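Computed from a prediction, not measured in an experiment: that's the story for all the values here. Side chains are part of it too, since the values below use all heavy atoms of this structure and drop only hydrogens, waters and symmetry mates. Convention: sequence-line order gives letters A, B, ...; per-chain numbering from 1.
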Amino acid sequence: MALKRGEVTGDERLKRIWQAVAAIPRGRVDTYGGVACRAGLPRRARLVGHALKVAPSALRLPWHRVLAAGPRISFPQGSAAYLEQRRRLEAEGHCFCGGRLVSSARDAGTELDEWLWGPRKDGR
DNA sequence: GTTGTGACGACTT
DNA sequence: AAAGTCGCCACAA
């Protein structure tokens, strides 16, 4: 309807991204690239950021669990958003050092993949 | 239609 | 290790 270019405005993708973000379990974090990949949109990390920005608060998306590569918070250090995200992450059992998120499991050099989503043997 | 910017990431120098 | 560059795409001016 109403949309030209033979496609939607991207709302479908936004929903997909929101769904992927909502699927992040508590106490777990993911990166923009990871969310994009899970949403079926590889290389669209920026799109994920945009999706989160335009995401309605009514969705109750755990946006604070989405971090930039690093893992670090994408917001400028010291900004309100940065502090809030950090606080929420700490409330879920994460630790922060400087601009970097430090997990107790990561300390030994655990692979980021395992640290992020754990071993998935279903081969998916 | 072009340009710049952005809640990014990966690669290259 | 740090900075620069490119890719990718949506949106505002």
Expressed in angstrom and rounded to an integer, what is the separation of [X] atom [atom1] from [N] atom [atom2]?
X      : N       : atom1 : atom2 : result
R13(A) : dC8(C)  : CZ    : P     : 14 Å
D30(A) : dG9(B)  : CG    : P     : 10 Å
R16(A) : dA10(C) : CZ    : P     : 15 Å
R72(A) : dG9(B)  : CZ    : C1'   : 11 Å
D11(A) : dC11(C) : CG    : C1'   : 15 Å
Y32(A) : dG6(B)  : OH    : P     : 14 Å
L14(A) : dC9(C)  : CG    : C1'   : 12 Å

[X] to [Y] - nearest heavy-atom pair and separation:
X      : Y      : value
A20(A) : A39(A) : CB-CB, 4.2 Å
V21(A) : P62(A) : O-CG, 3.3 Å
Y82(A) : P76(A) : CB-O, 3.3 Å
S74(A) : Y32(A) : OG-OH, 3.1 Å

Is any side-chain heavy atom of R65(A) closer than 4.5 Å to a side-chain heavy atom of Q85(A)? no
Test item: R88(A) and L83(A) side chains (from C-beta on) under 4.5 Å apart, heavy atoms: no
Using the P atoms only, state how far dA1(C) lies from dC8(B), rounded to an integer number of Å. 22 Å
With rounding to whole Å, what would you report as the distance between dA7(B) and dC6(C) at their P atoms? 22 Å
Under 3.5 Å, side chain of R100(A) to main-chain N/O of R72(A), donor-acceptor pair present? no
Return yes if some donor-acceptor pair links the side-chain N/O of R44(A) with the main-chain N/O of P42(A) below 3.5 Å, else return no. yes
Which residues in residues 41-50 of chain A have at least one heavy atom lying under 4.0 Å from any atom of DNA chain C? R43(A), R44(A), R46(A), L47(A), H50(A)
Using a heavy-atom distance cut-off of less than 4.0 Å, which residues of residues 51-64 of chain A contact DNA chain B? L52(A), K53(A), W63(A)
Does the salt bridge (charged side-chain N to carboxylate O under 4.0 Å, His left out) test come out yes or no for R28(A) and E92(A), once each step is laid out? CA-CA 8 Å; R28(A) 207 75 57 111; E92(A) 294 194 353; over 6 Å; no
